[in-house]
Protein chains: 2
Amino acid sequence: MRVLITVEYYGKNYAGWQRQKNALAVQQVLEEKLGLILQTKVVLVASGRTDRGVHALRQKAHFDYEGFFPVKKMAYAVNTTLPDDIRVLEAIEVPSDLHAQYSAKRKTYLYKMYVSRTLHPVKNLLSAQISYDDVDFDKMQEACKDLIGTHDFAAFAATGSHVKNTVRTVFDASLRREGEDIEFEITGNGFLYNMVRIAVGTLVWIGIGKLPVTAVQDMLLTGDRKKGGKTLPPHGLYLKDVFYEDLSSLPLE
Amino acid sequence: MRVLITVEYYGKNYAGWQRQKNALAVQQVLEEKLGLILQTKVVLVASGRTDRGVHALRQKAHFDYEGFFPVKKMAYAVNTTLPDDIRVLEAIEVPSDLHAQYSAKRKTYLYKMYVSRTLHPVKNLLSAQISYDDVDFDKMQEACKDLIGTHDFAAFAATGSHVKNTVRTVFDASLRREGEDIEFEITGNGFLYNMVRIAVGTLVWIGIGKLPVTAVQDMLLTGDRKKGGKTLPPHGLYLKDVFYEDLSSLPLE
């Protein structure tokens, strides 16, 4: 039986999703606690990694299980053993050919930031400070649209990443502002390493006048990472949701 | 010269505002860092204590200073030395008879909570979980109005507090709901020990049907703490603002 779990976590205390040798990862905590509850070895396959310090509102992961523990009670049971910064929101049985990573059709990321010269201790837990008096939000919105479409996003990958195919499709990208708070949301069929944090960093650099409003276009045309903005810090980034088209036709009980 | 500072802090790592012998308090950190910057002993008098784990969006405190460091630069200077969970938002000179505690005319507290059987790791940093399927929000709103006015709030004080006068005036109290998120805001001329957390806990117990909608009235009439709900945890509570009538007429430069 294949089980798909939906996981929320606050990433500050973890070396990211994926198991590491010398640092605690979300995957390791979940595999251990699920293993204890289900009395078997659990190997999780996630929709993808999240980096050190990045959060997830609805990360998805699957595992195979041959046992008698009811799927409907797994989330509740494992949650009683998890630390407060990780929770399983849901566990459902899925077809055995559904793969948390390869079957994912779309992913949505959210980046939260606030424009303020003073760090705000409360909101800084969930949101990254942009330490300027203001940003040109209209320009940021204009450039944001350039992210949408099927492009070679090579310029939006962290140096040192070695993916062969850097073409990705961004279905939607948008910015919302309320006072000093800005949210960036982006949905695509996949993302390169640090792609969201580089994209939003480039929009911010356009907003503060360090880059022209054409910077996103320039990056897409030239493939040159140096034409982009700074990679923003991980604590503003959330894996918001992962979508599997097949699941829409599944009975959820 | 008397200086009034506005302070924001996230309270999780502190034993509250007030200096303690064996635990770190916000006051101690601020006094030490201000003392280093101003090269003198700084003694802060706050608008009032906040308890262990409680946050502040705009706590106010005054201190007296005889030196040449410009007041306008104090916030920026001390912020470069403070940990990320404490920031001075503003420092201004005020008349020497203004007292952060005794001159305060009104204080506003905010309590953030969410109604969910599952703990949510991200929002749980800023908000307290109400672990129920739902609450009767209409009843909570009805009872909330009973808090408004000048009453003997003896039933809303933690047992073990020994204040002589338990009469306080609540100018406003209101609840807002958005999905599973609920915010309680209360403004008064002063608050007894744990008064806000007992008040909101009573409203929640009314909402989940553990207390009648008349519970606030019953408490005010009888002075009986046992007729109220549970004291909610500190991590949902924020000292939102403190108001000094005199200051409205003050030039801020």
Side-chain angles (χ1 to χ4, degrees), chain A residues 5-14 26 29-30 50 53-59 72-91 110 112 114 116-129 131 133 178 180 233 235-241, chain B residues 5-14 26 29-30 50 53-59 72-91 110 112 114 116-129 131 133 178 180 233 235-241:
Chain A
I5 60 174
T6 305
V7 186
E8 177 178 341
Y9 49 88
Y10 184 70
K12 187 179 182 184
N13 299 319
Y14 299 98
V26 176
V29 175
L30 271 169
T50 55
V54 172
H55 323 296
L57 298 175
R58 293 178 69 81
Q59 166 73 293
K72 284 174 76 172
K73 296 189 176 169
M74 283 181 187
Y76 176 82
V78 74
N79 283 341
T80 62
T81 72
L82 285 168
D84 274 3
D85 48 12
I86 304 177
R87 279 295 180 277
V88 176
L89 304 182
E90 192 181 58
L110 171 70
K112 295 174 75 145
Y114 64 99
S116 168
R117 287 280 182 191
T118 307
L119 183 149
H120 283 296
V122 174
K123 71 171 66 171
N124 203 66
L125 294 170
L126 307 183
S127 185
Q129 181 192 10
S131 190
D133 290 325
E178 202 181 307
E180 67 181 27
H235 72 277
L237 184 59
Y238 299 77
L239 173 54
K240 189 179 175 187
D241 216 340
Chain B
I5 60 174
T6 305
V7 185
E8 177 177 339
Y9 49 89
Y10 183 71
K12 186 179 182 183
N13 299 319
Y14 299 98
V26 176
V29 175
L30 271 168
T50 55
V54 172
H55 322 297
L57 299 174
R58 294 178 67 83
Q59 166 72 293
K72 285 174 74 173
K73 296 190 175 168
M74 283 181 187
Y76 176 82
V78 73
N79 283 341
T80 62
T81 71
L82 284 169
D84 275 1
D85 49 12
I86 304 177
R87 279 296 179 278
V88 176
L89 304 183
E90 192 181 58
L110 171 69
K112 296 176 74 147
Y114 63 100
S116 168
R117 287 281 183 190
T118 307
L119 183 148
H120 284 297
V122 174
K123 71 170 68 171
N124 202 66
L125 294 170
L126 307 183
S127 183
Q129 181 192 9
S131 190
D133 291 325
E178 203 180 305
E180 66 181 27
H235 73 276
L237 184 60
Y238 299 77
L239 173 55
K240 188 178 174 187
D241 215 340

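Owing to the predicted nature of the structure, the values given are computational and were not obtained by experimental measurement. Letters A, B, ... are given to chains in the order of the sequence lines, protein chains preceding strands, and every chain is numbered from 1.
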J.: Do any of residues 80-87 of chain A have a heavy atom less than 4.5 Å from a heavy atom of chain B, and if so, which, in residue order?
T.: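 Heavy-atom contacts from residues 80-87 of chain A to chain B are Asp84(A), Asp85(A), Ile86(A), Arg87(A).
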J.: So Asn79(B) and Leu119(A), do their side chains get closer than 4.5 Å, heavy atoms only?
T.: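 No, side chains not in contact.
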J.: For Tyr9(A) and Val122(B), which heavy atoms make the closest approach, and how far apart are they?
T.: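 Taking Tyr9(A) first and Val122(B) second, the nearest heavy atoms are O-CG2, 4.0 Å.
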J.: I'd like to check His120(B) versus Leu57(A) (side-chain heavy atoms, cut-off strictly below 4.5 Å). Are they in contact?
T.: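 A side-chain contact under 4.5 Å is absent here.
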J.: So for Tyr238(A), is it side chain, backbone, both, or neither that comes closer than 4.5 Å to the heavy atoms of chain B?
T.: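 Just its side chain gets close to chain B.
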